[in-house]
Amino acid sequence: MSFKILLVDDEVELVSTLAERLSIRGFDVKWTTTSEDAFKQVESYNFDLAVLDLKMPKICGLKLKEALHEKFPEMKFIFLTGYGSEADFKTISDQIGEEFYLVKPVDIDVLIDKINIIIKSKGQRTPS
Amino acid sequence: MNTISDENVRFFGKVVASISHEIKNVMAIINEKAGLLQDLTVMAQKGMALDVNRVQTIADDMRTQIKRGDAIIKNMNKFAHSADEDIKEVSLNELTGLIAILSERFASRFGATLSFKPAQEGLTIRTRPFLLEFILWDCIKIALERCGEDKAITIAVEKSDQGAQVQFFIRNENFPDSIIIDGLSWQLDDLHADLKVQKSKPQMVLLLPKDIS
């Protein structure tokens, strides 16, 4: 059974291309550019992981995570950020307790390493 | 006048931070498109058919993002140079249009859209460009915080008896009669400008003299 990932980022070209690249690597990926559509998608599909942009219109990634986590406590999260450096975001992430984050532009191998850590923590098999 | 202040530096920092996020997004997209080209190449090396049209589309997408990045950097450059001279003659259409563009990402965080209507005829005023940008940015922020359900703001430049005016139309019946502009008071004084609220429209109007010297 494929590991199901939801990508949410308001940059359509970014989120659609990243989704395609993850699909090539054997993940079951859906994507959206809005938090409203993210809520709709999680209602109809049982995602294992959501990869969220930290800064989005209307609702930030952290608020979206809180809302999704409340409804789907098993879902895991990775954040993407346009912050200047990982050190900048670490200051914030230390305060909020988020350890899975990546600074844009993302190295897909690093993203997959983080995804694989989550897959293993759920007792599932990584795609070959 | 105050040539530099904490508020000025903070404003400069906010705008540059917003621009840097935009540039990061452009770079992130180019990074993914380049990565996808690599992925397709690896797949082709393994014997899968390479779709030439797909490769062409990805290359076109990359070129689009490079043009987008170039436009963002040009605007950043214009903004940075607005602090070169304390007082100078500026095109109000150009300066207001620049701040409207630079505010778009900020507006999107409110789920709002900004539209800009330049004056039909070119309109130049002699003013303090950086300070005027500061005030326009803050006016947009004030409008965004009060734009109600419609989430649409129109910024219009017009000629006026005194010189020029920039109107901020907000479709919100509950727009307040007055707004607290303490944070802008010395900047407005330095520009010999005034900010008025017209609840009947509703709109805010920034009144600017033709020449402050």
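A note on names: the letters A, B, ... follow the listed sequences, proteins ahead of strands, and every chain is numbered from 1. This one's a predicted model, so the numbers in the text were calculated from it and none came from an experiment.
One finds no salt bridge joining A/Lys122 and A/Glu74 here, because no Lys/Arg side-chain nitrogen approaches an Asp/Glu carboxylate oxygen to under 4.0 Å. A salt bridge is absent between A/Asp48 and A/Lys4: the closest approach of a Lys/Arg side-chain nitrogen to an acidic carboxylate oxygen does not fall below 4.0 angstrom.
Chosen from A/Leu18, A/Asp107, A/Thr17, A/Val15, the residue pairing most often with chain B at heavy-atom distances under 4.5 Å is A/Thr17. No other option in A/Leu80, A/Val106, A/Asp10, A/Ile108 has as many heavy-atom pairs under 4.5 Å with chain B as A/Val106. Ranked by non-hydrogen atom pairs under 4.5 Å with chain A, the options B/Ile30, B/Asp39, B/Val26 are led by B/Asp39. Contact count versus chain B (heavy atoms, under 4.5 Å) is highest, among A/Glu11, A/Lys55, A/Arg21, A/Glu20, for A/Arg21.
Contact annotation for A/Ile24: only side-chain heavy atoms (C-beta onward) come within less than 4.5 Å of a heavy atom of chain B. Contacts between A/Glu13 and chain B at a heavy-atom distance below 4.5 Å involve backbone atoms as well as side-chain atoms. When heavy atoms are compared at a cutoff of 4.5 Å, B/Ser108 approaches chain A by way of both its backbone and its side chain.
With hydrogens and angles left out, the side-chain atoms of B/Asp61 and B/Gln65 include no donor and acceptor closer than 3.5 Å. If you check the side chains of B/Glu133 and B/Ser82, you find a donor sitting under 3.5 Å from an acceptor.
Ring geometry for B/Phe110 versus B/Phe106: interplanar angle over 60°, hence perpendicular rather than tilted (30 to 60°).
Ring pair B/Phe11/B/Phe79: centre-to-centre distance below 6.0 Å.
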